[in-house]
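Report on one structure; see the data block that follows.
Atoms considered below: every heavy atom in the structure, side chains included; atoms not considered: hydrogens, waters and symmetry mates. Below, chain A is the first sequence line, B the second, and so on; all start at residue 1. No experiment lies behind these values; they were computed from the predicted model shown.
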2 protein chains.
Amino acid sequence: MSKITIQEIADLAGVNKATVSRVINGNRNISEKTRQKVEAIMKQHNYVPNSIARGLAFNKTFTVGFCSDYTDKRAFANPFFYKVLQGIEEIVYNHDHMFLMMSDHDNKKSQSTFERVVVERRVDGLIIPNTLLNERNYDLLVKHDMPYVVTGENMLPRDGVPWVDIDNVQAGQILTEHLIDLGCREIMIYAGGAAAERDKFIADRMKGYRKTMGNHRLDIRIIEQAEVLKSLYGSKPLEPAGERRPEALICCTHEQLFEILDFEKGNPLLSEIALATFDDFPMSKYMRHPVHFVEIDLEMMGKEAARMLFSLMNKEPGVPKSVSIATRIGS
Amino acid sequence: MSKITIQEIADLAGVNKATVSRVINGNRNISEKTRQKVEAIMKQHNYVPNSIARGLAFNKTFTVGFCSDYTDKRAFANPFFYKVLQGIEEIVYNHDHMFLMMSDHDNKKSQSTFERVVVERRVDGLIIPNTLLNERNYDLLVKHDMPYVVTGENMLPRDGVPWVDIDNVQAGQILTEHLIDLGCREIMIYAGGAAAERDKFIADRMKGYRKTMGNHRLDIRIIEQAEVLKSLYGSKPLEPAGERRPEALICCTHEQLFEILDFEKGNPLLSEIALATFDDFPMSKYMRHPVHFVEIDLEMMGKEAARMLFSLMNKEPGVPKSVSIATRIGS
DNA sequence: GTGAAAGCGCTAACAA
DNA sequence: TTGTTAGCGCTTTCAC
């Protein structure tokens, strides 16, 4: 079954298929009588226009794509990553579009998936993580005039790249503020080696920390290596100020948090420190060492990205080129 | 740009577009010379056939869909759910198809997303969770002759529904076996009220437990309510056998595990018991109360589902109507 | 207000 | 081996 076409509906209704098309597309140049008749027939036969044919005629796919970074296995393995998808998905379907999800495999043959999707015009717009926006992909998008939005702050030195990210500076601030509220004064931040230089979001979180500590006239203490923590409890601490015991440690990423947690075993003194990090996860309340979290609304991030993309696709004027999403302390 | 069509390539090569089409589709009835010339032109102009037009001509979309159960918020919120997606995605793109992901919103207007996708033939095949295979959707799939595979054992009383699931009986067995290996003898299983009747996978896990306990001539102890655990340590235990202290407790789902963990706080005695459940998660090693896990290869489940779907789409003979995937004890 | 016809970009008979 | 022609199902001028 299911092969019912616009022509058959037209025949059944005794009209031309152009008329049926007008009904489908809500064209107003049509008598109420005809419209009703055609609609009745369509309903009766459960007629639904073939989206492929429509796409061909409109030169549109009514589909939005999301391309994840396959090389970054962690991203795909990260459960929270998917909250973003969920947010996107909701907006996309509210706009009566479909949602094509892919990861950027290099295909054995010829092109990467990303390239294929752009070049074949399988979608009308694309959302990609900032890690995927390199020179090559940027050029591809521009050349093919494909609307897109980047999740995570854009790192490519190009102007006008639309992106959506959480406000990492603000996140660093409220987390630090929260620890201060809790009574901590000696608050350290673990930046993990060169990570802060590589990843701007880490640098931003640190900036928020710095700012808040400054506001409260508290000393900034940045840890580069977990090993440093050991000496903090020695008889001769690194800090010239002497015996100031650290009370809290902010980890900029979950990986860093894990590193500290692993490190903790050989270092029981660490267990006296309040641990804190960004982005809660389901099992956090059952952890051996309690951890303070910032709540990051990744679903909102997905939604904002999708909204921005539709604005771009519709060529709406005055679309902001970037959106930062505020975070809050989890309850 | 990017608007280059088959016709223009044909003109450039001085041949008919049918000839170009033959080159594209690897038709062998073509001279090597012409093929080379056409291929050169295509390459030179980065020509890629428009997938929509191809789809229309072939009456195929080269796309496979996955529909998640939106009403089951837990499923979408469950991080592990996405490992399945990852598995599907890999197979789908290896088959040179696209992957359309959706959840089954009821659309404000007219139909549900699921229905739209099936009816508009947006995909050539569909993977859906068993929770979504109700009478209505089943009829829709059959009526529209849409190939599909179900993840999770099929619960709808229909024959020939193709499904992929993990082997829950086997999972129950190896988890029980593992606890026995660890020296536990008094092993309980927490089935959580009417859950076992509602969800077959719970019943299956219990079946595996029963079987293994029987093999080892150990007593089966099924807990229906967490409260029962309290009395086990009382002076007059419920069990007629008297003072047999439970040594391990198997929780059939993560929700049950959480329930027990929450319960544990008011019940310090519980902390002596070994806890076990199915399907590991990233943070498990940092939990206050160590938990034993069965490793469930959800990615494999996705892969098998996708493979089965392609077999169905290609009308291969002798496709097995269901696949059970073995689990193992995590390291 | 409605119909006829051309065309979206591609494939697939059928001829030559 | 290649070109011609007729669709695939829909939209959209342009007449009437």
Side-chain angles (χ1 to χ4, degrees), chain A residues 1-39 41-42 45-63 96 98 116 119-124 144, chain B residues 1-39 41-42 45-63 96 116 119-124 144-145:
Chain A
M1 304 293 97
S2 111
K3 291 233 150 198
I4 184 153
T5 74
I6 196 174
Q7 185 59 262
E8 307 183 55
I9 295 293
D11 294 348
L12 255 25
V15 298
N16 188 278
K17 57 180 186 164
T19 304
V20 179
S21 176
R22 290 190 185 100
V23 173
I24 293 170
N25 293 7
N27 191 315
R28 308 172 19 72
N29 284 342
I30 204 170
S31 72
E32 193 54 30
K33 201 179 113 210
T34 311
R35 137 160 296 118
Q36 305 235 330
K37 184 169 62 183
V38 171
E39 273 174 349
I41 305 273
M42 295 202 304
H45 292 264
N46 290 318
Y47 167 73
V48 176
N50 179 314
S51 61
I52 303 287
R54 274 186 116 214
L56 184 56
F58 273 129
N59 197 25
K60 281 195 58 175
T61 60
F62 305 101
T63 304
D96 273 321
M98 297 279 151
R116 270 182 56 196
V119 155
E120 292 180 14
R121 285 226 150 251
R122 298 288 296 231
V123 297
D124 299 332
H144 289 269
Chain B
M1 304 293 99
S2 112
K3 290 235 150 199
I4 184 152
T5 75
I6 196 174
Q7 186 59 264
E8 307 183 55
I9 295 293
D11 294 346
L12 254 26
V15 298
N16 189 280
K17 58 179 185 165
T19 304
V20 179
S21 175
R22 290 188 184 101
V23 172
I24 293 170
N25 292 22
N27 191 314
R28 307 173 18 71
N29 287 340
I30 202 170
S31 75
E32 194 52 32
K33 201 177 112 213
T34 312
R35 137 160 295 118
Q36 306 234 330
K37 186 169 60 183
V38 171
E39 273 174 348
I41 306 273
M42 294 201 305
H45 292 264
N46 289 320
Y47 166 72
V48 176
N50 179 313
S51 61
I52 303 286
R54 276 186 113 212
L56 185 57
F58 274 129
N59 197 26
K60 279 195 58 175
T61 61
F62 304 102
T63 303
D96 273 321
R116 271 183 56 196
V119 156
E120 291 180 15
R121 285 227 149 250
R122 299 286 297 228
V123 298
D124 299 332
H144 290 268
D145 203 24

Partners passing side-chain contact (heavy atoms from CB on, under 4.5 Å) against A/Asn27 (at least two apart in sequence or in another chain):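 So A/Asn27 forms a side-chain contact (heavy atoms from CB on, under 4.5 Å) with A/Arg22, A/Asn29.
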Listed partners of A/Ala53 passing side-chain contact (heavy atoms from CB on, under 4.5 Å), at least two apart: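 For A/Ala53, the residues satisfying side-chain contact (heavy atoms from CB on, under 4.5 Å) (neighbours in sequence not counted) are A/Asn50, B/Leu56.
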Is there a side-chain contact between [X] and [Y] (heavy atoms, below 4.5 Å)?
X	Y	result
B/Ile52	A/Phe58	no
A/Val23	A/Ile9	no
A/Arg122	A/Thr63	no

Once you round it to whole Å, what is the distance between [atom2] of [N] and [atom1] of [X]?
X	N	atom1	atom2	answer
A/Asn59	D/dC10	CG	C1'	13 Å
B/Phe58	C/dG9	CZ	P	17 Å
B/Ile24	C/dC10	CD1	C1'	8 Å
A/Ile6	D/dG7	CD1	P	18 Å
B/Phe62	C/dT11	CZ	C1'	11 Å
A/Asn50	C/dC8	CG	C1'	13 Å
B/Lys60	D/dG9	NZ	P	16 Å
B/Arg121	D/dC8	CZ	C1'	14 Å

Salt bridge (charged side-chain N to carboxylate O under 4.0 Å, His left out) contacts in which one or both residues fall within residues 6-21 of chain A, not counting sequence neighbours: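 Residue pairs with at least one partner in residues 6-21 of chain A: there are none.
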Under the side-chain hydrogen bond (donor to acceptor under 3.5 Å, both in side chains) rule, collect the residues that match up with [X], sequence neighbours excluded.
X	result
B/Arg54	B/Asn25
B/Gln36	B/Glu32
A/Thr34	A/Ser31
B/Thr61	B/Asp124

Touch class at under 4.0 angstrom, heavy-atom based, for A/Thr5 against every strand present: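 The answer is sugar-phosphate, as A/Thr5 gets under 4.0 Å only of primed atoms, P, OP1 or OP2.
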Residues in contact with DNA chain D, drawn from residues 7-19 of chain A - heavy-atom cutoff 4.0 Å: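 Going residue by residue through residues 7-19 of chain A, the ones with a heavy atom under 4.0 Å of DNA chain D turn out to be A/Lys17, A/Ala18.
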Positions of residues 26-36 of chain B (non-hydrogen atom under 4.0 Å from DNA chain D), listed by number: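 When residues 26-36 of chain B is checked for heavy atoms under 4.0 Å from DNA chain D, the hits, listed by number, are B/Asn29, B/Ile30, B/Ser31, B/Thr34.
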N/O to N/O distances under 3.5 Å, protein versus nucleotides 14-16 of chain C:
none

Inter-end axis angle, the helix from C/dG1-D/dC16 to C/dA16-D/dT1, with every axis fitted to five base pairs (rounded, 10 degrees):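 It works out to 40° between the end axes.
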C/dG9 phosphate, OP1 or OP2, under 4.0 Å from B/Tyr47 side-chain N/O: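 Result: no.
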Heavy-atom pair of closest approach, residues B/Ala13 and B/Val38: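 Looking at all heavy atoms of both residues, the closest pair is CB-CG2, 4.2 Å.
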Full working for side-chain contact (heavy atoms from CB on, under 4.5 Å) between B/Arg121 and B/Asp145: CA-CA 10 Å; B/Arg121 285 227 149 250; B/Asp145 203 24; 4.2 Å; yes
Identified side chain to side chain contact (heavy atoms under 4.5 Å, CB included) partner of A/Tyr47 from the options A/Ile24, A/Thr5, A/Leu12: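 The side chain to side chain contact (heavy atoms under 4.5 Å, CB included) with A/Tyr47 is passed solely by A/Ile24 among A/Ile24, A/Thr5, A/Leu12.
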B/Glu39: salt bridge (Lys or Arg N to Asp or Glu O under 4.0 Å) partners, not counting sequence neighbours: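 Per chain and number, B/Glu39 pairs via salt bridge (Lys or Arg N to Asp or Glu O under 4.0 Å) with B/Arg35.
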